[in-house]
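By convention in this document, chain letters (A, B, ...) are assigned in the order of the sequence lines, proteins followed by strands, and residues within each chain are numbered from 1.
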Protein chains: 2
Amino acid sequence: MQSDDFIQKAKKSLSSNECMAFFCSCEIKYSGRAEAHLPTGDRIIIIKSDNTILVHQPNGSVPVNYMKEGSSIEIDNKDNHAFIKSYNQKHKDSLQIEIYLIHNFISQRLEDGQKIHLEGSEKDMSDMIYDNPSLISKDFKPLAREEHTKYGFIDVFGYNKKGELVVIECKRYTAGPDAVTQLRRYVEKIKSLRGLKTVHGIIAAPKISPNALKMLDDWGFKFVSVNPPKRLETYKKSQMGLNDF
Amino acid sequence: MQSDDFIQKAKKSLSSNECMAFFCSCEIKYSGRAEAHLPTGDRIIIIKSDNTILVHQPNGSVPVNYMKEGSSIEIDNKDNHAFIKSYNQKHKDSLQIEIYLIHNFISQRLEDGQKIHLEGSEKDMSDMIYDNPSLISKDFKPLAREEHTKYGFIDVFGYNKKGELVVIECKRYTAGPDAVTQLRRYVEKIKSLRGLKTVHGIIAAPKISPNALKMLDDWGFKFVSVNPPKRLETYKKSQMGLNDF
DNA sequence: TACTACATCTCGCAT
DNA sequence: ATGCGAGGTGTAGTA
């Protein structure tokens, strides 16, 4: 495809609020939160109707360059090839794409009012623990979940049989050192806010890393193995289906 | 585009290690680390030669669904429309795309051996501090940077004029509570490993949040304002260029 | 492979 | 707007 042809189509796509995708050989420079340069190669480029720009290499799931929605986009001719310049005032960054060869191009107005519905988040996990406190221990009496205001962002907290406060930090995956320091912060915060000497801390996660477990021991906290909800639900079913053959 | 036509093209694209992109109306289900459902709407779909799948809605910079490289991909006909099934054994997850309408389609073999060159990471920031210790204080004598082995993942550490150890944690952005607990972990680790009573901790970042600053004070650490390197470098130049008009 | 921390992280929610 | 923490986080570096 000729550069002039591409520029005309791309401008039309932008002005009619369409989304476009094209494959091209290009060179890219980014400046803003960092400085980046990507030498010439074949890329997949998407420009959406909200002026989001995504540049993908032929492998991998992460864009090699991008600009977020609300950026300005200019498309010009420079030395007989197309040149895309994008600025984002909010994020103070800019992207420049020098296009040496356009392999193909598609553009279309897209309609999509749907939002993804997701189950199995950490919130769902803390809800599960709140509703099934025996997952932690038979003595645990939950008081509240997802306290985002008074005591910080504590996932679940409650009492043990002695009436002592228990703070639970949930993680959907292997808990690392960060999870333990997070728990430690919350426990200390509650201690100081309520003037208590004894507040228990529990990490609820499927696994915990060795270093994290050592830190947990050092601070007198406990680990309880809990599997997050909704994990693999449909996957397992379809695997069962496959195994029927 | 007819469903049969799409299926044929897509299969050919997969078998010849091409990358493809198309716009379509579709419905998507994901199962694995969570359960997700996305009702029918217009989407942009990319399938790369490494079997990475990306599904984008018309707005926003993040894919609404995806499968990582190395997944299996099957494309079939179901009730007269195309159906894409993808499984990833490693991540134990699966994606199903039911395609009701294909708006367009491009496919191409792409060649790209280039890697992005990026400057301005946290590593670059710790290097800058190591090379310019006066950014921290006129008394700071750096000893090592990026110690990933003996004492943990410490960005920079060194001595003050009294010969006491100083640990520096760099952050490219506003330092929050996490940065302080991270620093605290490193300082305590060094204290215990070396049997020292006095080890200083410093957060080097452009800003620090109020909560983080309070925690820092509580633990006797210090904050030093340091701007990350390479930020806005070319951006500023081009803005200057713009302002010339 | 598991562990650890960075990321042009992005996103949502509360203050 | 900023602060704060989750994410189907992803990715790189290392033991």
Rounding to an integer number of Å, can you tell me how far [X] [atom1] sits from [N] [atom2]?
X	N	atom1	atom2	value
B:Phe153	C:dA7	CZ	P	14 Å
B:Leu95	D:dG8	CG	P	14 Å
B:Leu118	D:dT11	CG	P	15 Å
A:Lys123	C:dC13	NZ	P	11 Å
B:Ile154	C:dT4	CD1	C1'	13 Å
A:Met125	D:dA6	CE	P	12 Å
B:His91	D:dT11	NE2	C1'	11 Å
A:Gln89	C:dT8	CD	P	23 Å

Any residue meeting side-chain hydrogen bond (donor to acceptor under 3.5 Å, both in side chains) with A:Asp178, in chain and number order, not counting sequence neighbours: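 Residues passing side-chain hydrogen bond (donor to acceptor under 3.5 Å, both in side chains) with A:Asp178: B:Arg185.
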Residue list, side-chain hydrogen bond (donor to acceptor under 3.5 Å, both in side chains) with A:Thr52, at least two apart or on another chain: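 A:Thr52 satisfies side-chain hydrogen bond (donor to acceptor under 3.5 Å, both in side chains) with A:Asp50 once adjacent residues are dropped.
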Salt bridge check, [Y] against [X]: does any charged N sit closer than 4.0 Å to a carboxylate O?
X	Y	result
A:Arg33	A:Asp93	yes
A:Glu69	A:Lys48	no
B:Glu188	A:Arg184	yes

Contacting residues from residues 199-223 of chain B, given that a heavy atom lies under 4.0 angstrom of DNA chain C: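 Of all residues in residues 199-223 of chain B, none places a heavy atom under 4.0 Å from DNA chain C.
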Positions of residues 50-68 of chain B (non-hydrogen atom under 4.0 Å from DNA chain C), listed by number: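 Going residue by residue through residues 50-68 of chain B, the ones with a heavy atom under 4.0 Å of DNA chain C turn out to be B:Ser61, B:Val62.
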Sugar-phosphate only, base, or nothing, as touched by A:Glu69 at under 4.0 Å among non-hydrogen atoms: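 A:Glu69: no heavy atom of the nucleic acid under 4.0 Å.
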Should [X] be listed as having a side-chain N or O under 4.0 Å from OP1 or OP2 of [N]?
X	N	value
A:Tyr30	C:dA7	no
B:Gln182	C:dT4	no
A:Arg185	D:dG5	yes
A:Arg33	C:dC6	no
B:Lys171	C:dC6	yes

B:Asp155 (side chain) donor-acceptor with B:Cys170 (main chain) under 3.5 angstrom: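 Yes, B:Asp155 side chain to B:Cys170 backbone: donor-acceptor pair under 3.5 Å.
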Span that lies between the P atom of C:dT8 and that of D:dG5, in whole angstrom: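 The same atom, P, in both gives a distance of 22 Å.
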C:dA5 versus D:dG7 - spacing of their C1' atoms, nearest Å: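 Taking atom C1' in both C:dA5 and D:dG7, they lie 16 Å apart.
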Heavy-atom side-chain contact between B:Ile53 and B:Ser71 under 4.5 Å: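 Not touching, per the 4.5 Å side-chain cut-off.
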Atom pairs and distances, side-chain donor-acceptor, residues 114-121 of chain B, under 3.5 Å, sequence neighbours left out:
unit_1: B:Ser121; atom_1: OG; unit_2: B:Lys123; atom_2: N; d: 3.4
unit_1: B:Ser121; atom_1: OG; unit_2: B:Asp124; atom_2: N; d: 3.4
unit_1: B:Ser121; atom_1: OG; unit_2: B:Asp124; atom_2: OD2; d: 3.4

Heavy-atom neighbours of A:Lys191 NZ exceed 12 at 6.0 Å: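 Counting other residues, nucleotides and ligands, NZ of A:Lys191 exceeds 12 neighbours.
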Enumerate, atom names and distances included, each donor-acceptor pair closer than 3.5 Å involving a side-chain atom of residues 202-217 of chain A, sequence neighbours excluded.
unit_1: A:Ser209; atom_1: OG; unit_2: A:Ala212; atom_2: N; d: 3.4
unit_1: A:Lys214; atom_1: NZ; unit_2: A:Asp218; atom_2: OD2; d: 2.9

From D:dA6, C:dT1, C:dT4, nucleotide with atom closest to A:Glu122 side chain: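 Comparing D:dA6, C:dT1, C:dT4 against the side chain of A:Glu122, the answer is D:dA6.
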Given DNA chain C, 5'-ward residue of the pair B:Ile116 and A:Gly176, judged by closest heavy atom: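 The answer here is A:Gly176.
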